[in-house]
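Below is one structure, written out as structure tokens; the observations come after it.
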Amino acid sequence: MRRFSLALLLLWPALLFAQNPVQYVKPIIGTQKMGHTYPGATVPFGMVQLSPETDTLPYEMNGKYNPDVYKYCAGYQYTDKTIVGFSHTHFSGTGHSDLGDFLIMPTVGPLQLNPGTADKPESGYRSRFSHENETVEAAYYKVKLDEDNILAELTASNRVGFHQYTFPQSDQAHIILDLMAGIYNYGNKNVWTFVRVENDTLITGYRQTSGWARTRTVYFAMTFSKPFKKYGHQNNVNDVYKGFYRKFDQTTNFPEMAGRQIRAWFDFNTQAGEKIKIKFALSPVSTEGALLNLRTEIPGWDFDAVKRNGQEQWNKELSKVAIKATSEDDLVNFYTAMYHTYLSPTTYMDVDGGYRGLDQLNHKANGFINYTTFSLWDTYRALHPLFNILQPQRNADMVRSMLEHYNQSVHKMLPVWSHYANENWCMIGYHSVSVIADAIMKGNIKGFDANKALEACATTARYKKYDGLEYYMQLGYIPEDKNSSSVSKTLEYAYDDWCIAQVAKKLGRTDLYDEFIKRSLNYRNVYDASTGFMRPKMSDGQFRKEFDVLSTHGQGYIEGNAWNYSLYVPQYPAEMIALMGGKKQFTSHLDSLFTMHLPDEFFAETEDITRDGIIGNYVHGNEPAHHAAYLYNWTDAPWKTQERVRMILQKMYKPASDGLGGNDDCGQMSAWYIFSSLGFYPVCPGSTEYALGSPAIQSATLQLENGKTFQIEAVNQSAANVYVRKVELNGQPFTKRFITHDDIMNGGKIVFYMDRKPKK
């Protein structure tokens with residue numbers, strides 16, 4: 001009997017349980033090629049992202065954009081051989097960048113105050129390193145700096161970065177604080193920097209920059225575990241006016257440092273194996289706020305305790321979904337995706353609630369956490385809908401943060417792409433509207449007034465000066481000869497308008513419903529029946545004659561082509577399918593998207609897409625078609641959704657440094673993975689439905705904030721069994737292709753019975 005049981009056990013795929021899920025997080029995933037993630041230390045939604053920089057490429061060369069800098073949106077590229085230092089602020093997965101504040105580098109030997117070059121790191125303070133001597137975990141990063149035989153370790157709390165450097169014996173040990181360094185840097189990006197030496201262990205100051213965020217000031221407090229014996233700085237700008245500070249030798253042991261291009265240094269004597277620790281706190285308000293953050297969050301010097309606490313925070317958040325899988329790779333992909341979704345938006349306030357607002361005045365967040373880093377063109381699609389399930393309180397606070405942005409905006413606009421009390425207007429649409437509508441429609445109204453939120457949405461959507469809206473309101477579309485990317489903008493505005501209409505209907509605002517439901521039909525105005533694609537239209541009402549359905553450049557689209565963007569009518573998929581010839585013809589059209597070949601020349605001019613992010617002509621590495629595989633659910637071939645989703649999961653996500661097929665975009669790519677692995681996806685945020693797909697895990701239990709659990713089971717799930725034979729919800733047969741938000745939040749269990757053959 002025991003032999004028989006053992007034989008069965010050997011035949012049955014082993015189930016792996018996600019206990020202590022932080023062990024499966026591999027932050028190195030996505031750090032190579034186009035993923036643009038960073039490997040450093042942070043906590044969930046943390047204000048500090050303490051991570052290594054591997055090069056110093058400038059944003060511009062000879063007065064022009066330097067395309068090579070694009071690789072360094074997160075500061076780190078896996079294939080690089082050197083580390084320049086460790087800075088405290090980073091974006092995760094973006095396709096544009098900023099930040100990289102307050103770079104710290106430990107060195108020994110003669111003092112060098114320039115970073116050197118990648119091919120000759122010994123010419124500056126940078127160091128060679130090897131991945132063999134690198135450890136990357138959630139809330140912890142460690143690397144050996146080969147040049148000076150220094151072991152660097154990093155961890156963090158929400159607002160404080162904690163460094164620990166193990167030195168060799170030296171009477172020339174240095175800690176360099178580089179206030180010139182930055183990501184997407186250029187000569188005059190620094191507006192001003194200031195450093196004040198309070199005593200022989202405490203430094204305070206600030207940095208003001210004009211980059212993607214054009215009026216950004218970050219304050220800091222930096223404290224050493226050991227007194228320094230000597231310090232100084234170098235100002236790398238030769239200002240004509242020097243004032244009367246010329247009375248002093250400011251280069252050495254002078255306790256005030258001010259200028260646009262400063263590098264400071266602090267000297268120590270060290271014994272072999274001696275650890276010098278640094279706590280570095282940030283504040284959006286003041287150095288006083290930074291000190292309060294430092295003393296509140298990390299009052300002591302126990303590095304390992306801070307690391308443990310950070311990893312416990314990650315475990316708490318990751319444990320909101322407990323999965324079973326048949327391979328460790330599945331666990332790694334899933335929990336690293338969860339990790340990436342919880343990196344942003346980021347906390348933007350001191351421990352006392354203080355923050356700098358969009359109006360450049362100081363405010364207090366009373367009763368909520370104020371957030372920043374809103375990459376909304378990406379994250380409205382799946383990240384915020386995921387938060388409405390797993391992080392509803394945080395998502396409600398994010399909505400409150402957006403509404404505060406609106407209140408402080410001189411334009412009376414909700415955020416488009418915002419960070420650090422700045423609107424940078426990146427990308428298109430006004431997708432705060434989608435995030436707010438999704439929260440309201442799903443009943444996640446915690447701490448904000450839904451009617452005021454609706455008014456903010458409507459006011460934003462009527463702001464004529466914004467990106468072609470005047471033409472859109474006049475003509476029902478944006479003319480390409482008046483405003484570029486006109487088709488993309490028309491389609492996305494129409495979707496956002498539908499979101500406003502849904503909230504207006506729920507709140508009984510018939511006037512607003514009538515206004516915006518009419519606008520939501522504007523997608524029809526750019527559909528060209530003669531080609532079967534959405535097409536740019538001119539101000540005379542005629543379609544533009546020059547039209548290439550494969551090209552991503554100059555065709556009326558942004559980060560996509562006609563094949564991908566013509567599918568973007570998430571608010572009316574059935575009507576879109578009818579417009580395109582009906583279910584049979586549309587199914588064939590959608591098949592072609594995934595199976596045709598896209599020649600290289602058609603994405604050569606798009607820097608953020610490579611062959612790695614493309615399946616056929618389906619571009620998963622960019623967001624506009626992320627819902628496309630689920631559109632088969634509106635045809636007679638829903639089994640093709642199941643097939644396509646599992647194919648995308650397998651091809652676009654791997655447990656490796658190059659494991660992401662495109663920019664993670666503040667968690668959107670990862671949120672797609674989580675939803676699709678669980679077996680459902682929010683095709684149209686702002687509705688309460690999720691389209692069913694094909695779960696890629698054996699089972700999952702979602703621990704909901706309301707105290708209930710929602711369980712997912714995939715019977716006979718395997719790499720071959722990607723098709724769904726039948727579904728049961730709470731023990732009853734379920735024949736719909738969609739589940740609702742209430743189905744999940746009320747708790748219960750959905751069971752997918754999997755098969756290797758489609759149910760046609």
Side-chain angles (χ1 to χ4, degrees), residues 20-23 25 27 39-52 85-89 102 104-106 133-145 149-169 173-175 177 198-204 220-228 266 268-283 287-319 339 342-343 347 350-352:
N20 190 37
V22 73
Q23 69 180 304
V25 173
T42 190
V43 297
F45 308 98
M47 192 160 81
V48 164
Q49 308 88 33
L50 179 52
S51 190
F86 309 96
S87 66
H88 294 79
T89 56
F102 309 121
I104 287 177
M105 187 64 170
N133 297 320
E134 185 181 42
T135 301
V136 183
E137 301 174 3
Y140 179 66
Y141 178 87
K142 178 173 72 172
V143 69
K144 181 174 175 285
L145 301 173
N149 191 30
I150 296 171
L151 183 67
E153 296 175 272
L154 313 174
T155 190
S157 64
N158 192 334
R159 300 166 178 86
V160 186
F162 200 161
H163 309 240
Q164 180 170 270
Y165 299 116
T166 304
F167 280 85
Q169 182 175 354
H174 318 285
I175 298 290
L177 172 61
E198 306 287 355
N199 56 50
D200 59 3
T201 59
L202 177 62
I203 317 299
T204 60
F220 74 88
M222 173 187 186
T223 184
F224 296 93
S225 61
K226 174 181 178 175
F228 44 80
F266 305 90
F268 302 85
N269 293 332
T270 56
Q271 301 300 315
E274 182 177 359
K275 292 178 171 61
I276 294 180
K277 304 177 185 183
I278 302 167
K279 294 183 292 188
F280 201 105
L282 303 183
S283 167
T287 57
E288 183 181 32
L291 277 166
L292 178 64
N293 295 338
L294 190 153
R295 291 164 177 163
T296 303
E297 291 191 350
I298 309 182
W301 288 100
D302 190 335
F303 181 90
D304 291 336
V306 175
K307 173 188 170 184
R308 282 195 304 273
N309 182 266
Q311 294 190 333
E312 286 168 3
Q313 289 183 55
W314 278 113
N315 251 340
K316 178 183 176 183
E317 300 301 333
L318 298 171
S319 295
Y339 169 85
Y342 291 171
L343 292 178
T347 303
D350 293 336
V351 292
D352 65 357

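As the structure is a computational prediction, the values presented were derived from the model and not from experiment.
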Enter the distance from Phe162:CZ to Ser225:OG here, rounded to the nearest 0.5 Å.
7.5 Å
Lys226/Glu274 salt bridge by N-O under 4.0 Å criterion
yes
Can you sort out the partners of Ser87 under side-chain contact (heavy atoms from CB on, under 4.5 Å), two or more places apart, ordered by chain and number?
Glu53, His90, Leu103
Could you check whether any side-chain N or O of Asn315 sits under 3.5 Å from a backbone N or O of Val22, counting only pairs where one atom can act as donor and the other as acceptor?
yes
Decide side-chain contact (heavy atoms from CB on, under 4.5 Å) for Phe167 and Ile175; before the verdict, give the C-alpha distance in whole Å, the side-chain angles of both, and the deciding distance to 0.1 Å.
CA-CA 11 Å; Phe167 280 85; Ile175 298 290; 3.9 Å; yes
Nearest heavy-atom neighbours spanning Ala290 and Ser283:
N-CB, 3.3 Å
Separation between NZ of Lys279 and CH2 of Trp301, rounded to the nearest 0.5 Å
4.5 Å
Taking all atoms of both residues into account, what is the closest heavy-atom pair of Thr347 and Met47, and its distance?
O-CG, 3.2 Å
Least distance between heavy atoms, Leu145 atom then Ala152 atom:
CD1-CB, 4.3 Å
Give, for atom OG1 of Thr166 and atom NZ of Lys277, the distance between the pair rounded to the nearest 0.5 Å.
9.0 Å
Is there a side-chain contact (heavy atoms from CB on, under 4.5 Å) between Phe228 and Ile203? Walk through the geometry before answering.
CA-CA 11 Å; Phe228 44 80; Ile203 317 299; 3.9 Å; yes
Under 3.5 Å, side chain of Asn293 to main-chain N/O of Asp350, donor-acceptor pair present?
no
Sole residue of Phe86, Phe102, Phe224 in ring pair (Phe, Tyr, Trp, His ring centres under 6.0 Å) with Phe280:
Phe102
Hydrogens and angles aside, do Asn309 and Gln313 bring a side-chain donor and acceptor to less than 3.5 Å of each other?
yes
Charged N to carboxylate O under 4.0 angstrom, Glu297 versus Arg159?
yes
Spell out, as yes or no, whether a donor-acceptor pair under 3.5 Å connects the side chain of Thr270 to the backbone of Pro168.
yes
Are Leu177 and Phe266 close enough, and set up right, to give a side-chain contact (heavy atoms from CB on, under 4.5 Å), and what steps lead you there?
CA-CA 8 Å; Leu177 172 61; Phe266 305 90; 4.2 Å; yes
For residues Pro27 and Val136, report the shortest heavy-atom separation together with the two atoms involved.
CB-CG1, 3.6 Å
Look up atom CG in Leu294 and atom OG1 in Thr287, then write down how far apart they are to the nearest 0.5 Å.
12.0 Å
Check whether the side chains of Thr42 and Gln49 place a donor and an acceptor atom closer than 3.5 Å, and report yes or no.
no
Under 3.5 Å, is there a donor-acceptor pair between the Tyr141 and Glu134 side chains?
yes
Can you find a side-chain donor-acceptor pair between Gln311 and Tyr140 that sits under 3.5 Å?
no
Please test Phe45 against Leu343 for side-chain contact (heavy atoms from CB on, under 4.5 Å), starting from the C-alpha separation and ending with a verdict.
CA-CA 5 Å; Phe45 308 98; Leu343 292 178; over 6 Å; no
